[in-house]
Amino acid sequence: AQRVTQPEKLLSVFKGAPVELKCNYSYSGSPELFWYVQYSRQRLQLLLRHISRESIKGFTADLNKGETSFHLKKPFAQEEDSAMYYCALTTGGGNKLTFGTGTQLKVEL
Amino acid sequence: NAGVTQTPKFRILKIGQSMTLQCTQDMNHNYMYWYRQDPGMGLKLIYYSVGAGITDKGEVPNGYNVSRSTTEDFPLRLELAAPSQTSVYFCASSYGSGAGSEQYFGPGTRLTVT
């Protein structure tokens, strides 16, 4: 069965510092990976998906199949980036998401 | 568009009681999902549906039932509530499946069983 691991429950950085939220997965085939974000008092929403290879709000994530990782990165953290971030995976073109336990990002001034 | 709506927002149940969590979406999405999130954990899929009249089990279906009589509605039924079902429940919907398909989430229902 597939699994998603986010090793950090809480990540605290200063404004303007680089951010890297770690995500590792276990799956023997070709997964499809996503980052979802939940800002305070808002709903869980999609941030980005690996297939799009896009940058959203300055965040990027590259799928590394050799290291089975999909880390989320941003060069300069902003206060509004403070939120809960979840890495998620689906397989075989399906629709069942497997979520990691989430990382709370706190950006301090 | 309201997106995905869930009712109620909060509920306290006694052990053995039953209840239905309501979920409605107005985006004409084919796919709908129910997740639960326990404290400090990720979301886990309970049930999902790929269209009206079709439902299937997710990772943690025991103790729950669902139905999908219309495209818009996907209620989740708890028949005999147990303390282990204390959790936050999220409903979601998507137009399609796979890598290109974004899931849209409701605001959640916080359920406590005592």
Side-chain angles (χ1 to χ4, degrees), chain A residues 1-10 21-27 29-54 56 61 63 65 70 83-104, chain B residues 1-6 9 23-27 29-51 54-61 66 68 74 87-110:
Chain A
Q2 56 262 32
R3 185 177 180 140
V4 176
T5 302
Q6 293 179 252
E8 302 140 329
K9 280 191 186 297
L10 173 66
L21 299 168
K22 291 184 167 48
C23 173
N24 289 91
Y25 66 89
S26 62
Y27 178 63
S30 292
E32 293 149 1
L33 285 142
F34 306 80
W35 278 98
Y36 278 80
V37 61
Q38 188 168 25
Y39 301 102
S40 179
R41 291 185 293 278
Q42 292 188 30
R43 302 178 184 204
L44 191 62
Q45 57 188 284
L46 179 68
L47 179 62
L48 56 79
R49 65 199 98 187
H50 91 268
I51 196 171
S52 302
R53 301 185 67 82
E54 57 202 344
I56 303 291
L63 178 59
K65 291 187 178 180
F70 188 56
M84 192 73 176
Y85 292 80
Y86 293 94
C87 183
L89 170 158
T90 189
T91 63
N95 46 32
K96 294 184 283 186
L97 283 173
T98 298
F99 282 86
T101 51
T103 298
Q104 179 75 46
Chain B
N1 281 357
V4 179
T5 57
Q6 291 182 238
K9 286 193 168 78
C23 176
T24 301
Q25 53 92 7
D26 62 0
M27 297 174 281
H29 284 170
N30 292 319
Y31 294 79
M32 295 188 75
Y33 317 83
W34 274 106
Y35 294 91
R36 61 176 286 173
Q37 185 177 29
D38 300 332
M41 305 295 289
L43 282 73
K44 293 189 177 178
L45 185 65
I46 305 171
Y47 271 95
Y48 68 102
S49 168
V50 301
I54 306 170
T55 63
D56 206 350
K57 296 178 181 178
E59 185 184 354
V60 289
V66 293
R68 184 95 182 271
F74 190 42
S87 192
V88 181
Y89 291 83
F90 292 99
C91 181
S93 71
S94 66
Y95 180 71
S97 67
S101 190
E102 174 179 355
Q103 291 191 18
Y104 293 83
F105 284 81
T109 294
R110 188 174 296 274

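All chains are named by letter (A, B, ...) in the order of the sequence lines, taking the proteins before the strands, and each is independently numbered beginning at 1. Only this structure's heavy atoms are used, side chains among them; waters, hydrogens and symmetry mates stay out.
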Most heavy-atom pairs under 4.5 Å with chain A, out of B:Tyr35, B:Phe90, B:Tyr104, belong to B:Tyr35
If one checks every heavy atom of B:Leu43 against chain A at 4.5 Å, the contacting part turns out to be both
query = Would you say B:Arg36 and B:Val88 make side-chain contact, with heavy atoms under 4.5 Å?
reply = no
Do A:Tyr86 and B:Gln37 get their side chains close enough for a donor-acceptor pair, meaning under 3.5 Å?
yes
Heavy-atom count around B:Met41 CE within 6.0 Å, excluding the residue itself: above 12?
no
Checked A:Lys9, A:Arg43, A:Arg41 vs chain B; the most non-hydrogen pairs under 4.5 Å come from A:Arg43
Discussion item. Testing the 3.5 Å rule here: is there a donor-acceptor pair between the side chains of A:Thr98 and A:Tyr25?
Written reply: no
Okay, B:Val50 and chain A: the region with an atom under 4.5 Å from a heavy atom over there is side chain
